[in-house]
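Residue numbering restarts at 1 for every chain, and letters A, B, ... go by the order of the sequence lines.
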Amino acid sequence: MTSIAQNLSELVGSAFAAQDLPRELGQVRVSDRPDLAQFQCNGAMAAAKQAKKNPREVAQAIVDALSSNDIFSKIEIAGPGFINLNITDEYLQDYLTNLENFGVEPTDEDRKIILDYGGPNIAKAMHVGHLRAAIIGDAVRRIMNFKGYKTLGDVHMGDWGTHMGMLIGDYIREDEQNIVLNADMNDSNAVQKLMDDFAVRYPKASGAAKENPELMQEARDITVKLQDKAEPYYSIWQKIRSISVEGMKKTYAHLGVEFDLWKGEADVHDYIAPMVDDLKAKKLAYTSEGACVIDVTDDQDKKEIPPLILKKSDGGVMYGTTDCATIVERMKLYSPAKMIYIVDQRQSLHFQQVFRAVRKADIVNDNVELTHAGFGTMNGTDGKPFKTREGGVMRLEDLIAMAIDKATVRLNEANLATDMDDAERTDVAYKVAIAAIKFADLQNQRQSDYIFDLDRLTSFEGKTGPYLLYQTVRIKSLLKKAEAQNIKFENAALIIQEEDRNLALLLGEFSDALNLSIQNYAPHYLCEYIHKLAQSFSSFYGNCHILSEENEDLRSSRLLLCHKTANQLEKALELLGIFVPIRM
RNA sequence: GCGCCCUUAGCUCAACUGGAUAGAGCACCUGCCUUCUAAGCAGGGGGCUGCAGGUUCGAGUCCUGCAGGGCGCACCA
């Protein structure tokens, strides 16, 4: 069970193979000229080039081989050698009637896939800069899980670097470390107060260290001591970390972003010393300018790649060190097939260094894929890296709150809100808000920069998350009415007519979109598909009688088509981390 | 200086990895709520895909050069 195009690819591929041509050239895709055909295969032209034959002759041989097949209602050669294909309505009915798992074939990969899509620093308020990694990573995780991959999402927070030295240094200098040490973790007010304290103190300490070299040096020294787990630094750190994690979990939960592993840089500390010793023994690590480094250059390099620093000259470790050690740990614990880092594109040199280092050190072999699935920078409407009017970065919680407010206003304007109780209204506003934010972000291609536009992120009309929810809710409302009228349609025969055909064909594309998203670690392919499906339904809904259709067979058929559409929309949205309210 | 990325409609973005007539949303214009939710539908205008060459049956997509923008280049993450 796959998509319609994949099914056709097998047939056409066999026809190519029978002509001693590469099977892959039989790849069939949905036509980009729907006025000419439903599906197309372009392989004949490529095959002709390889075999030095006339493309139309090659195409003709394929067409002849396919013509005995009764699932095609049209097979034509067009232009230089396009093979245009239409399927019969009987085939389409049959495909949809037997549709299982939305046409998605499970993978047979049973090793783990590790997804790294968090990276927030502890003690810092989460801001909109954390949005993309969280949303894209969570969607990739959900999508891969649905395909049957065994994923592990790791938040991998920044908790072992110099920024911790700055914060701890500030507490000690002000002699206020007891605020942290004595905080009662069971008192939610105290915890909140401390988080607010971090939010003020950290920027202050960080700014001061940047201006004052002595403070910076002090922060570095404390960081080294912390990394040696010396007191009182380590105790203060532990408390800061556990409080921060609590806040972080709350925000991620609010966003509907989930992780399997709540690990940080510090968790792999014990792997570092043995790893460095091993690298020294292998003569890969050496001392340069007082630091312990590993060379990662390659003969074919066109640019200079600096070595990866494992230990700074003061003995401290950097995030490259912990990243390598994390890979050591992941190999040991999970022996994964892939590790995918969904991290800002600007980190690409860093990941290149890390990946080379661990391959060179034989920490991972060629059976393990290491990918930096980078995403573009979030810019403001002026094209520069995003800042609020006050010059800061907008907090993630503020963004969510704004979107919820806007959704609540919109909801109160609608007539149907009057009979909702407060709990339902709150739930609907929340779901609409999250859908708006997530879909606005996810529909962008992952790797290019994008403009952070608050109006767009909290927009509910047009190509938005709420539009998709709305269409899904409309179908579900119809189905509920059908149920209330005791209309049974689950076992109805599908009747494909002109009005239904586009929607029906689209239902057979789900797996194509899903696979593209997986291959590229890019949810925007799935977004594109969902939008097309929702639009196609909306058009269908506007043009056809469904519940009000007088012909009972046709009515049942259409209800069944609606039912399948709703299921697919709801599932696809779920894979993006978007959830559908009962009504809106 | 070296290297990576980007430039598509007025704006924000797509284009199934080289295919046919480059598609959506916003904004603008024209219709449609006494039939299933108007957060909607039907339709319209709007493009030398930054510029110039090249590769080939075929280029927004690949190669070269140029212009403009962003980013990264040893002890921050």
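Annotation for A/Glu550: atom CD does not count as buried by contact number, only 12 or fewer foreign heavy atoms lying within 6.0 Å. Within 6.0 Å of the CG atom in A/Asp299, the count of heavy atoms belonging to other residues, nucleotides or ligands does not exceed 12.
For B/A42, one of the phosphate oxygens OP1 or OP2 lies less than 4.0 angstrom from a side-chain nitrogen or oxygen of A/Ser539. Within the structure, every side-chain polar atom (N or O) of A/Arg555 is placed at least 4.0 Å from both OP1 and OP2 of B/C36. Side-chain nitrogen and oxygen atoms of A/Ser548 include none within less than 4.0 Å of the OP1 or OP2 phosphate oxygen of B/C36. Contact between the side-chain N/O atoms of A/His524 and the OP1/OP2 oxygens of B/C16 is not found at any separation under 4.0 Å.
In this structure, A/Asn444 reaches the sugar-phosphate backbone alone: every heavy-atom distance under 4.0 Å involves primed, P, OP1 or OP2 atoms, never a base. Residue-level contact check: A/Ser313 touches the bases, meaning some heavy atom is under 4.0 Å from a base atom. Here A/Cys292 lies out of heavy-atom contact (under 4.0 Å) with every strand. Among the atoms of the strands shown, only primed sugar atoms or phosphate atoms (P, OP1, OP2) are found under 4.0 Å from some heavy atom of A/Leu349. Counting non-hydrogen atoms under 4.0 angstrom, A/Arg220 reaches the backbone sugars and phosphates but no base.
Taking the charged nitrogens against the carboxylate oxygens, A/Glu499 and A/Arg558 do have a contact shorter than 4.0 Å, which makes a salt bridge. Ion pair A/Arg241/A/Asp159 flagged as a salt bridge, since at least one NZ, NE, NH1 or NH2 atom sits closer than 4.0 Å to an Asp/Glu carboxylate oxygen. A salt bridge is defined here as a Lys NZ or Arg NE, NH1 or NH2 lying under 4.0 Å from an Asp or Glu carboxylate O, and A/Arg132 with A/Asp344 fails to meet this definition. A salt bridge links A/Asp419 and A/Arg583; the closest N-O separation between the charged side-chain nitrogens and carboxylate oxygens is under 4.0 Å. Salt-bridge annotation for A/Arg29 and A/Asp32: present, with a side-chain N of the basic residue lying under 4.0 Å from a carboxylate O of the acidic one. A salt bridge does not link A/Glu483 to A/Lys480: none of the charged side-chain nitrogens sits closer than 4.0 Å to a carboxylate oxygen. Salt bridge status for A/Lys431 with A/Asp427: present, with a side-chain N to carboxylate O gap under 4.0 Å.
The shortest distance between side-chain heavy atoms of A/Asp453 and A/Leu457 does not fall below 4.5 Å. Considering only heavy atoms from C-beta on, A/Val354 stays 4.5 Å or farther from A/Val296 through its side chain. The shortest distance between side-chain heavy atoms of A/Gln352 and A/Ile305 falls below 4.5 Å. Contact check for A/Val245 versus A/Met157: side-chain heavy atoms found under the 4.5 Å cut-off.
Atom-to-atom, OH of A/Tyr541 to P of B/C33 comes out at 16 Å; the value is rounded to the nearest Å. In this structure, the CG atom of A/Leu569 is 15 Å from the C1' atom of B/G40, given to the nearest Å. The CZ atom of A/Phe375 sits 17 Å away from the C1' atom of B/C4 (whole-angstrom rounding). In this structure, CD of A/Gln445 is placed 15 Å from C1' of B/U49, rounded to the nearest angstrom. Atom-to-atom, CG of A/Leu411 to C1' of B/U37 comes out at 13 Å; the value is rounded to the nearest Å. Taking atom CG of residue A/Leu547 and atom C1' of nucleotide B/U35, one finds them 11 Å apart after rounding to whole Å. In this structure, CG of A/Asn379 is placed 13 Å from C1' of B/U12, rounded to the nearest angstrom. Distance CD (A/Gln345) to C1' (B/C4): 9 Å, rounded to an integer number of Å.
Rounded to the nearest Å, the gap between the P atom of B/G53 and that of B/U12 is 28 Å. Look at the P atom in both B/G40 and B/A77: the space between them is 47 Å, to the nearest Å. Spacing between B/U7 and B/A14 at atom P, rounded to whole Å, works out to 9 Å. Taking atom C1' on both B/C62 and B/C71, the two are 24 Å apart, rounded to the nearest angstrom. Comparing B/C5 with B/U61, their P atoms are spaced 15 Å from each other, to the whole Å. B/C32 and B/G70: their C1' atoms are spaced 46 Å apart (whole Å). B/A20 and B/C6 are spaced 28 Å apart, taking the C1' atom of each and rounding to whole Å. Of the C1' atoms belonging to B/G23 and B/G60, the separation is 12 Å, rounded to the nearest Å.
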Do nucleotides 20-25 of chain B as a string where each nucleotide becomes B, S or -: B if the base has a protein heavy atom under 4.0 Å, S if just the sugar-phosphate does, - if no protein is that close. BB--SS
Base contacts versus sugar-phosphate-only contacts with protein, heavy atoms under 4.0 Å: please encode nucleotides 55-61 of chain B as B, S and - from 5' to 3'. --BB---
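Remark: the backbone N or O of A/Tyr467 is paired with a side-chain donor or acceptor of A/Thr464 at under 3.5 angstrom. Side-chain atoms of A/Ser206 do not come within 3.5 Å of backbone N or O of A/Tyr202 as any donor-acceptor pair. Checked by atom type and distance alone, the side chain of A/Gln353 never pairs as donor or acceptor with a backbone atom of A/Gly320 at under 3.5 Å.
Heavy-atom nearest nucleotides on RNA chain B were determined for A/Arg410 and for A/Pro306, and the one closer to the 5' end corresponds to A/Arg410. Residue whose closest nucleotide on RNA chain B sits further toward the 5' end, between A/Ile582 and A/Arg456: A/Arg456.
Annotation: proximity of residues 468-477 of chain A to RNA chain B (heavy atom, distance under 4.0 Å) is found for A/Tyr470, A/Gln471, A/Val473, A/Arg474, A/Ser477, numbered in ascending order. Annotation: proximity of residues 155-167 of chain A to RNA chain B (heavy atom, distance under 4.0 Å) is found for A/Gly161, A/Thr162, numbered in ascending order.
The side chain of A/Lys303 has B/C2 as its nearest neighbour among B/G40, B/A77, B/C2. Which of B/A42, B/C16, B/A74 sits closest to the side chain of A/Leu516 comes down to B/C16. Closest contact between the side chain of A/Ile546 and the listed nucleotides B/C13, B/C36, B/A74 involves B/C36. Proximity note for A/Arg346 (side chain, C-beta onward) versus B/C71, B/C13, B/A39: the nearest is B/C71.
Cation-pi geometry between A/Arg446 and A/Tyr521 is not satisfied (NZ or CZ under 6.0 Å from the ring centre, within 45° of the ring normal).
Residues A/Phe351 and A/Phe355 place their aromatic rings such that the two centres sit under 6.0 Å apart. Remark: aromatic rings of A/His156 and A/Tyr341 are distant, center separation not under 6.0 Å.
Listed by chain and number, the residues in a side chain to side chain donor-acceptor pair (under 3.5 Å) with A/Asp301 are A/Arg356 (sequence neighbours excluded).
Here B/C33 is in the syn range [glycosidic angle within 90° of 0].
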How is the base pairing of RNA chain B summarised as a dot-bracket string, given the Watson-Crick and G-U wobble criteria with both distances under 3.5 Å, [ ] for crossing and | for another strand? (((((((..((((.....[...)))).(((((.......))))).....(((((..]....))))))))))))....
